[in-house]
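Reviewing the structure listed below.
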Amino acid sequence: MPSFADGNKDGIGDFKGLTEKLDYFTHLGIDGLWLTPFYTSPKVDNGYDISDYYAIDPDYGTMAEFEFFIEQAHKRGIKVIADLVLNHTSSEHKWFKESISDPHHPKRDWYIWRDPVEGNPPNNWESFFGGSAWEFNEESGQYYYHAFAKEQVDINWANKEAKHAMFEVMAFWLNKGIDGFRLDVINFLKVNDTFKNNPVDENNQQTHLYDKDQAGILELIEEISSFVHQFPDKVIVGEVGSEEIDVLSTYSGKNKLDIVFNFNLGSIPTFHVDTIFKQLRKMEDVHHEDQLPTLFFSSHDMPRHISRFGDEGIEEERAKLLATLMLTAKGVPFLYYGDEIGMRDLVHHDISLMKDIQGVTAYDLAIAAGKSKEEALVMANEKSRDKSRSPMQWDNSEYSGFSTVKPWIAFPEIREGINVKEQLNQFDSVLSYYKKLLELRRMHPALHHGEYELLEKNGDMIYFIKSAKGERMMVLINFGEIEVPFPSEAHSVTDILLANKRKNVDGTIQPGEAFILYLEGDKA
Ligand code: NOJ
């Protein structure tokens, strides 16, 4: 939200800017937008700390500007889903202010309060940003629970009134015309009520056994789902932080979340074609009929994949190959702004410029552990999510056309040629490649929602055949450095819909090549 386009020229992205850029999405062929939280927030964690669920944060505009944006998006056939944080509120929220004010306040139980155990926090649970997940409140002598920053206080979903208040929030935004939600850390809503310690391994790494995926969570999700789906044509995307795809798949499907992110594919730290293929395969094996895989490699929480995966010199080539995979494989693709022009990571050389709480916390913990400032900065950059949060690069002016004043966050060092204006008219730019892929995906049901007839890997080439409505398509993507023979299944090629390098096919697929091929006739 804060980094896409600055309409009122104060250095922060807003609804005015977003509205002005809607034609860009149409031009590109995007039909849905997910916005990070835009509600009033002290922004300790980029807006994932909401202090008023019923108001637009003044940095992003007014309610009227939000409504105009929704109206204009819908006019262009673009759906909008809102990121909603049900797990925790800001510590500045009036509910929490009431809860902390007095142990006997009716809202005390809206949050999770516990007594100390022998002068220590109630258990060993760690915050996902580092340090204890418990914050001591001197006045009452109790601790409150926060799975993330201490300014993001977990709601007690076992409390019926708190739960009801959150359902009212959902109804408010659905009535405003949004097309659904991306629900933040939705598998965290329940914690184990025995409050047992989480297991810790010999490297001091904690397994989050008792603070997520707890009994009752699926029933709660079913309740949320049936509530949201009373409103016609709404979609719920869930963020479920879990390593196990079998666990992930229990969260989606009929009466549950419509779509669940698979981070096992999306957030792999380094490029590995075997891992990517394994995950594509696994999603196919594990998912039931009413579940769809998700396809993404970047988000506001991880480094951009072009910086993460792009071996030097082949960054753009790899970005195009991954775009081919995301937009043709089976599943719902989520593209992250700026990836379509190949924007690079923002790395800080000065800790005072770092905005992300996860990075800053890592710095503070490193200093507290006796590391030097230089070492702490390296550790902070490793954790920092600022990497992918820099302003959208629209042109090659000083502030990249994002704003006319200095933006709230810095730009990456590598910026030259990486902007919309320059790439729009270059036929071989990353942007033109995305546009072409999106167009093909829109035109061909087999690419858009086809089923796999085949999903294979040969060397470093992933290839598959998908079919729908009598169409059969074959996609071949060679991620490696060695040529791969043309698969025998491609004997019935009738047309080449996309070829990123050579325009004809012969006996081999060269390194870095991608083809989308039309195959003859109905399913063999
Ligand atoms: C997941 C969000 O994507 C992330 O940005 C945020 O820090 C945490 N949830 C906490 O809300």
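Residues take their numbers from the sequence shown, with the count starting at 1. Start at 1 and go down the list; that is how both ligands and their atoms are numbered. All figures in this text were calculated on a predicted structure; none of them were measured in a lab.
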Neighbour count above 12 (heavy atom, 6.0 Å) for Lys9 NZ
yes
Check whether the side chains of Tyr111 and Thr89 place a donor and an acceptor atom closer than 3.5 Å, and report yes or no.
yes
Show the numbers, then the answer: is there a salt bridge (Lys or Arg N to Asp or Glu O under 4.0 Å) between Lys43 and Asp45?
CA-CA 5 Å; Lys43 299 197 211 68; Asp45 180 20; over 6 Å; no
Write out the residue and atom name of the closest protein heavy atom to atom 1 (C) of ligand 1, then the distance separating them to 0.1 Å.
Asp184 OD1, 2.8 Å
In ligand 1, the atoms that come under 4.0 Å of a heavy atom of His88 are 10 (C), 11 (O)
Give me the nearest non-hydrogen protein atom to atom 3 (O) of ligand 1 as residue plus atom name, then the distance to 0.1 Å.
Asp301 OD2, 2.4 Å
If we number the atoms of ligand 1 from 1 as shown, the ones under 4.0 Å from a heavy atom of Arg385 are 4 (C), 5 (O), 6 (C), 7 (O)
For Phe129, the atoms of ligand 1 under 4.0 Å from one of its heavy atoms are 7 (O)
Could you list the atoms of ligand 1 found under 4.0 angstrom from a heavy atom of Glu239?
1 (C), 3 (O), 9 (N)
Considering only heavy atoms of His300, which atoms of ligand 1 have at least one such atom less than 4.0 Å away?
2 (C), 3 (O), 4 (C), 5 (O)
For ligand 1, which atoms, with element, lie under 4.0 Å from some heavy atom of Arg389?
5 (O)
Would you say the rings of Phe25 and Phe4 are close, in the sense that their centroids are separated by under 6.0 Å?
yes
Taking Asp345 first and then Arg308, would you say they form a salt bridge - that is, a charged N and a carboxylate O separated by under 4.0 Å?
no
Those atoms of ligand 1 less than 4.0 Å from some heavy atom in Val185:
9 (N)
Please determine, by modelled atom types, if Glu340 and Tyr24 share a side-chain donor-acceptor pair under 3.5 angstrom.
yes
Looking only at protein heavy atoms, what sits closest to atom 7 (O) of ligand 1 is Asp45 OD2, 2.5 Å
Face-on cation placement of Lys163 at Trp110 ring, 6.0 Å and 45° thresholds
no
Flag for Ser140-Arg108: side-chain donor and acceptor within less than 3.5 Å:
yes
With a 4.0 Å cut-off on heavy atoms, does Arg182 reach ligand 1?
yes
